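Notes follow the structure.
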Amino acid sequence: MVSAWFMDSSDEDQRLSHQLDPPQPVSLEDLANCGVLYWKLDADNFEKEGKLAEIRAQRGYTYTDCITCTPEKLPNYEQKLKSFFEEHLHSDEEIRFILDGSGYFDIRNYDDKWIRIQVEKGDLIILPAGIYHRFTLDDKDYIKAMRLFVGEPVWTPHNRPADDHPARADYISKIKDGR
Ligand code: KMT
Ligand code: NI
């Protein structure tokens, strides 16, 4: 099961867990209230399992590719990791299926608090368009993920402040309706 928690506010290494003391866990339901969707799939047998194909068909995810975060496999490694960790939003969903390794997606909830979501092999996570978020590797320094998209991918991050972006207004209105 995916694990998520409210973050402490220390400036220490982003790759540490940043749990509060005592920890303040966040449930899947809380994540769903922020518009974040999650499934656990079989990363070694996802083709046979069929769940990914089902989700792709339902949600129209026609595009896939694979990203591996290591200095050897990811061009401009340092620069990319830095930009992943800048708080930003996108005009579309961010969809990642973790094939190997682990890391943290941080999202802002409706009170603008950081929630850290730990992802590992088999996790499929969908961040809604317009949510402020960022990504970091953990202390194991390795993740391999499938990226999915509806049609031609647009990876452009809009760094905060991006409150005038149409996806932001759309996101805020959906979240308000759902509360
Ligand atoms: C992103 O956009 O933040 C990434 O693709 C991070 C690596 S995949 C878990
Ligand atoms: Ni992003």
Side-chain angles (χ1 to χ4, degrees), residues 1-5 7 13-18 31 34-44 46 52 55-56 59 61-109 112 114-172 174-175:
M1 182 51 67
V2 75
S3 188
W5 53 86
M7 291 185 75
D13 187 351
Q14 68 191 52
R15 289 172 161 83
L16 300 177
S17 68
H18 289 270
L31 293 181
C34 297
V36 174
L37 302 178
Y38 169 84
W39 288 264
K40 188 75 175 186
L41 307 181
D42 183 346
D44 293 319
F46 62 85
L52 183 67
I55 294 165
R56 285 187 63 177
R59 303 184 69 88
Y61 299 151
T62 46
Y63 173 94
T64 64
D65 71 8
C66 190
I67 180 168
T68 304
C69 295
T70 60
E72 298 77 30
K73 295 254 169 82
L74 188 65
N76 303 315
Y77 176 78
E78 289 296 342
Q79 195 187 318
K80 288 254 177 63
L81 287 188
K82 216 172 144 196
S83 81
F84 291 161
F85 200 63
E86 290 280 328
E87 183 173 0
H88 63 272
L89 58 77
H90 303 282
S91 51
D92 303 275
E93 292 175 342
E94 182 160 322
I95 310 140
R96 298 292 184 270
F97 174 35
I98 314 306
L99 298 169
D100 202 9
S102 53
Y104 299 123
F105 280 99
D106 298 336
I107 60 151
R108 292 277 194 187
N109 78 348
D112 218 27
W114 279 119
I115 293 172
R116 176 150 278 196
I117 306 168
Q118 181 172 44
V119 292
E120 56 189 20
K121 186 171 175 177
D123 291 340
L124 170 64
I125 189 166
I126 302 178
L127 306 184
I131 193 172
Y132 281 122
H133 68 280
R134 63 189 181 189
F135 172 81
T136 180
L137 289 169
D138 60 23
D139 56 10
K140 298 194 192 80
D141 261 329
Y142 171 64
I143 200 163
K144 181 177 171 188
M146 184 189 291
R147 306 191 293 184
L148 300 98
F149 209 87
V150 180
E152 270 310 295
V154 180
W155 308 124
T156 316
H158 302 279
N159 287 347
R160 194 169 184 174
D163 296 345
D164 294 338
H165 194 289
R168 184 64 191 168
D170 195 44
Y171 173 72
I172 297 283
K174 279 187 196 148
I175 289 303

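First listed ligand is number 1; within each ligand, the first listed atom is number 1. This one's a predicted model, so the numbers in the text were calculated from it and none came from an experiment.
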Within the 4.0 Å heavy-atom cut-off, what Glu94 brings close to ligand 1 is side chain

Closest to atom 6 (C) of ligand 1 among protein heavy atoms sits Phe135 CD2, 3.5 Å

_Just to confirm my output: which protein heavy-atom neighbour is closest to atom 5 (O) of ligand 1, and how far is it?_
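The answer is Arg96 NE, 3.0 Å.
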
Once side-chain hydrogen bond (donor to acceptor under 3.5 Å, both in side chains) is applied, do any residues pair with Arg116, and if so which ones, sequence neighbours excluded?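 Listed in chain order: Asp106.
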
Tyr132 and side chain to side chain donor-acceptor pair (under 3.5 Å): which partner among Asn159, Asp163, Asn109?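 Result for side chain to side chain donor-acceptor pair (under 3.5 Å) with Tyr132: Asp163.
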
Partners meeting salt bridge (Lys or Arg N to Asp or Glu O under 4.0 Å) with Lys40 (sequence neighbours left out)
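Lys40 satisfies salt bridge (Lys or Arg N to Asp or Glu O under 4.0 Å) with Glu120, Asp123 only.
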
Applying salt bridge (Lys or Arg N to Asp or Glu O under 4.0 Å) to Asp139 and not counting sequence neighbours gives none

(Q) Angle between ring planes, His165 versus His158, binned at 30° and 60°: parallel, tilted or perpendicular? (A)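 Geometry flag for His158 against His165: tilted rings.
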
Mind checking whether Trp155 has a heavy atom under 4.0 Å from ligand 1?
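It does not, in that no heavy atom of Trp155 comes within the 4.0 Å cut-off of ligand 1.
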
**Asked** the Ni ion (ligand 2): which protein N, O or S atoms are under 2.8 Å away?
**Response**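 Under 2.8 Å from the Ni ion (ligand 2) - ignoring waters, which are not counted - the protein N, O or S atoms are His88 NE2, His90 NE2, Glu94 OE1, His133 NE2.
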
With a sphere of 6.0 Å drawn around NZ of Lys80, does it hold more than 12 non-hydrogen atoms of other residues, nucleotides or ligands?
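Atom NZ in Lys80 is packed in, count exceeds 12.
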
Please check if the number of heavy atoms outside Asp112 that lie under 6.0 Å from its CG is greater than 12.
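Enclosed: over 12 neighbouring heavy atoms sit under 6.0 Å from CG of Asp112.
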
If we count only N and O atoms by modelled type, under 3.5 Å, do the side chains of His88 and His133 hold a donor and an acceptor together? yes

